[in-house]
Amino acid sequence: MTLSGLKPRRFLRPHGFNILITQCLSHTTCKSITISKRAGDWYIAFAYDVVTEENVKSYPSVGVDLGINALATLSTGVVFENPKVYRKAQKLLARRQRRLQRKQKVSNRYRKQKNLIAKTHKRVSDIRLDNTHKATTHICQNHAIVAIENLNVKGMLSNHKLAGAISDAGFYEFRRQLEYKCTKFGSKLVVVDRWYPSSKTCSNCGHKQEMPLKERVFNCANCGHRLNRDLNAAKNLNNYAINTEGLPVSERGGLIAPTLPCETLNNV
Ligand SMILES: [Zn+2]
């Protein structure tokens with residue numbers, strides 16, 4: 001059976017097995033095939049070379065602030081919510097785990113219950129991954145320069161009060177996706193030093209002031225500028241990227257319109 005040219009979301013049923021095609025397979029030479037098993041389901045992944053065309057970017061640059069309440073706040077005002085899937089599934093998982101403990105080990109019912117728990121974990125991870133993919137694709141597809149803070153994820157995980165929420169947000173995966181998607185879509189990723197005071201600086205006048213974690217709004221003591229804490233941090237990251245990388249400037253000295261092919265932006 002040939003699999004190339006098959007449309008996605010199509011079910012095949014050879015020999016009684018349900019096969020779901022999630023992506024179109026192109027007519028190219030396959031470099032490797034990976035077969036894996038997750039929570040009782042089998043997956044086949046085909047690897048092949050793809051030449052991606054750089055698209056036109058809607059914005060020259062963007063600052064991305066990662067957080068727990070909102071997964072990512074962009075300096076353009078776009079917010080990607082954190083679905084907090086693990087926290088929502090905790091009750092269900094605990095109930096299924098209790099049922100497992102009541103079953104006799106090495107029995108069919110025990111095996112089925114264990115598989116059900118694995119499927120719940122898989123669903124949690126799939127929802128989280130889907131959400132991260134949507135956010136990172138939007139960011140890399142629409143912005144020529146992407147600025148992100150170099151978060152100390154390991155250090156943050158050692159804080160037991162925050163560890164669960166940080167794992168649930170998936171910061172490490174977010175950064176990993178940004179790295180490869182920036183290359184894929186022809187954007188530039190700027191990783192800002194973790195000591196850069198993005199939360200403590202006013203994005204309007206540059207004044208620095210203390211910002212305890214509980215403060216959700218930045219009220220500048222110098223110029224009176226008032227802005228959501230995460231949006232202010234994202235704007236500062238964007239300002240940092242503009243200052244270090246520079247923006248494309250026209251011959252007359254003005255900024256080039258945002259709807260500019262990224263190729264031109266990258267050459268500046
Ligand atoms: Zn200010």
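Below, all heavy atoms of this structure are taken into account, side chains as well, without hydrogens, waters or symmetry copies. Each ligand, and each atom within it, is numbered from 1 in the order the structure gives.
- The list of side-chain hydrogen bond (donor to acceptor under 3.5 Å, both in side chains) pairs with a residue in residues 67-95, not counting sequence neighbours, is empty.
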May I have the list of side-chain donor-acceptor pairs in residues 207-218 shorter than 3.5 Å, sequence neighbours left out?
from : atom 1 : to   : atom 2 : distance (Å)
Q209 : OE1    : A221 : N      : 2.9
Q209 : NE2    : N219 : O      : 2.7
R216 : NH1    : L213 : O      : 3.4
R216 : NH2    : D230 : OD1    : 3.2
R216 : NH2    : D230 : OD2    : 3.3

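- Atom NZ of K112 has 12 or fewer heavy atoms from other residues, nucleotides or ligands within 6.0 Å.
- Classification of the H133-Y180 ring pair by plane angle, with boundaries at 30° and 60°, yields perpendicular.
- By the criterion of a separation under 2.8 Å, the protein N/O/S atoms near the Zn ion (ligand 1) amount to C202 SG, C205 SG, C220 SG, C223 SG.
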Side-chain donor-acceptor contacts of residues 34-42 below 3.5 Å, not counting sequence neighbours, with atom names and distances?
from : atom 1 : to   : atom 2 : distance (Å)
R38  : NH1    : D126 : OD1    : 3.4
R38  : NH2    : S125 : OG     : 3.2
R38  : NH2    : D126 : OD1    : 3.3
D41  : OD1    : K119 : NZ     : 3.4

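- Taking 4.0 Å as the cut-off between side-chain N and carboxylate O, E245 and K188 count as a salt-bridged pair.
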